[in-house]
Engineer: 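If you scroll down you'll find the structure; I have some questions about it.
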Amino acid sequence: GIDCQGGSRMCCRQEFFVDFREIGWDDWIIQPEGYAMNFCTGQCPLHVAGIPGIAASFHTAVLNLLKANTATGTTEGGSCCVPTAQKPLSLLYYDRDSNIVKTDIPDMVVEACGCS
Amino acid sequence: TPRADNQCLVCGEPTLDLESQRKLLLNLAKRSILDKLHLSQRPILSQPVSRAALRTALQHLRGPPQGALPEADRGQEYEIISFAETGLSNINQTRLDFHFSDRTVGGMEVQQVRLMFFVQLPPNTIWTLKVRVLVLDPHDANFTLATQHLLEVDASGWHQLFLGPEAQAACSQGHLPLELVSESQIAQSSDILGGAAHRPFVVARVRVGGKQRVRRH
């Protein structure tokens, strides 16, 4: 995946960390200390459509750009910037009755993004 | 990423300033976690949980504390088998001696002792047998009774009898003397001796006390 940096307008993964202490949730969530709610943002022009994440190479993009340009009118859209790799979030927390509960929530942390 | 006209690329809404965007994302994160935990709101703790309880729960969760050896490493467990040597016996009383060399049980913790024996009985009979565990009386070097077990054997074949701590102590000292007393005429205690293929034996499960390592015998 491509991590968002600087002024890149291409589809990338934007890191966003939620600190449980900052939002006042550290009293009932024991572990971890926060949640990496990364998300995907950016454009998926035609010439990178269908090239999810790290598989995209500069050479491929350029070739595709040539093909796309020769196609009549390049229109944006039709391809979205979506997660291509995710991992679960393991939580250890107190429930209402002060029991300690451990839960693994699947697909909660975005690891990589790409164009669908 | 704002477009030239300051509208969101994806939804076309006007873009948010950073602080508003941050609030939106934090709320989104809260909602996402609560939904996945099937909670309508965050739990309100009615009574605080002690740190000790929390530490215990975390230890359970993570398994043995770092650095603690797993059970097997804390001391290897062995089973040591000793076949009976026959001592004095008469019609209804038989003496069995089981020996363990210092080299095998020295420095070991005997955790369990089983007597395994074979009997051949006529069908539909019940043979009552008393198994006595003897100990050496330090004063007069005679054997005295430490404990006894009453058995009712109702079938031919191999049988086992778990012996108590007295027998474990005797094994750890290297010598376990037993006395079998037949309580009925069905069979004689000496029948238990069987042939070479059916000689009684004792299985002592021991754990190396960490002082020395002994290979399995």
Side-chain angles (χ1 to χ4, degrees), chain A residues 4-12 14-32 34-45 76-77 79-82 86 88-110, chain B residues 1-68 70-71:
Chain A
C4 299
Q5 285 160 11
S8 147
R9 299 168 66 87
M10 297 291 281
C11 171
C12 58
Q14 176 64 56
E15 290 192 333
F16 184 76
F17 184 71
V18 179
D19 184 343
F20 290 141
R21 183 171 305 156
E22 185 181 334
I23 61 174
W25 273 21
D26 59 324
D27 57 336
W28 70 281
I29 294 185
I30 305 166
Q31 292 267 338
Y35 161 42
M37 192 183 83
N38 310 325
F39 57 89
C40 302
T41 182
Q43 298 169 357
C44 282
E76 289 175 27
S79 169
C80 300
C81 181
V82 293
Q86 288 166 292
L89 168 66
S90 290
L91 279 180
L92 190 70
Y93 61 97
Y94 295 110
D95 68 7
R96 248 194 319 270
D97 305 319
S98 297
N99 295 311
I100 295 177
V101 181
K102 177 181 182 292
T103 302
D104 291 330
I105 308 173
D107 299 333
M108 280 289 275
V109 180
V110 171
Chain B
T1 307
R3 290 193 315 207
D5 54 8
N6 232 6
Q7 281 196 327
C8 165
L9 276 177
V10 176
C11 59
E13 293 291 322
T15 53
L16 299 172
D17 62 282
L18 271 185
E19 194 46 36
S20 310
Q21 189 183 26
R22 180 177 178 67
K23 272 200 191 111
L24 175 71
L25 288 171
L26 288 177
N27 284 334
L28 195 62
K30 288 179 184 177
R31 178 55 39 213
S32 165
I33 290 175
L34 289 175
D35 283 350
K36 295 289 179 14
L37 295 179
H38 309 294
L39 297 171
S40 54
Q41 61 174 19
R42 53 145 294 166
I44 305 296
L45 297 184
S46 48
Q47 76 265 358
V49 177
S50 73
R51 283 246 159 250
L54 172 60
R55 194 180 312 115
T56 307
L58 282 174
Q59 271 171 354
H60 277 303
L61 206 59
R62 289 189 187 123
Q66 296 306 319
E71 189 77 15

Engineer: Less than 4.5 Å apart, any side-chain heavy atom of A:Pro32 and any of A:Leu91?
Structural biologist: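 Side chain of A:Pro32 against side chain of A:Leu91, heavy atoms only: contact under 4.5 Å found.
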Engineer: Find the one option among A:Phe20, A:Phe16, A:Tyr93 whose heavy-atom pairs under 4.5 Å with chain B are most numerous.
Structural biologist: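 Top option by heavy-atom pairs under 4.5 Å: A:Phe16.
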Engineer: Where on B:Leu28 is there a heavy atom nearer than 4.5 Å to chain A: the side chain, the backbone, both, or neither?
Structural biologist: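 Both backbone and side chain of B:Leu28 come within 4.5 Å of chain A.
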Engineer: Do you know which of B:Arg22, B:Lys23, B:Lys30 makes salt bridge (Lys or Arg N to Asp or Glu O under 4.0 Å) with A:Glu22?
Structural biologist: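 Among B:Arg22, B:Lys23, B:Lys30, the one that satisfies the salt bridge (Lys or Arg N to Asp or Glu O under 4.0 Å) with A:Glu22 is B:Arg22.
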Engineer: Counting heavy-atom pairs under 4.5 Å to chain B, which of A:Phe39, A:Trp25, A:Tyr35 comes out on top?
Structural biologist: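 Among A:Phe39, A:Trp25, A:Tyr35, the one with the most close pairs to chain B is A:Trp25.
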Engineer: Using 4.0 Å as the upper bound for N to carboxylate O, is an ion pair formed by A:Asp27 and B:Arg42?
Structural biologist: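 Answer for the salt bridge query: yes.
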Engineer: How close do A:Val110 and A:Cys40 get, heavy atom to heavy atom, and via which atoms?
Structural biologist: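 Closest approach of A:Val110 to A:Cys40: CG1-SG, 3.9 Å.
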Engineer: Examine whether an atom of B:Leu25 lies under 4.5 Å from a heavy atom of chain A, and if so say whether it belongs to the side chain, the backbone or both; otherwise answer neither.
Structural biologist: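 Both parts, heavy atoms under 4.5 Å.
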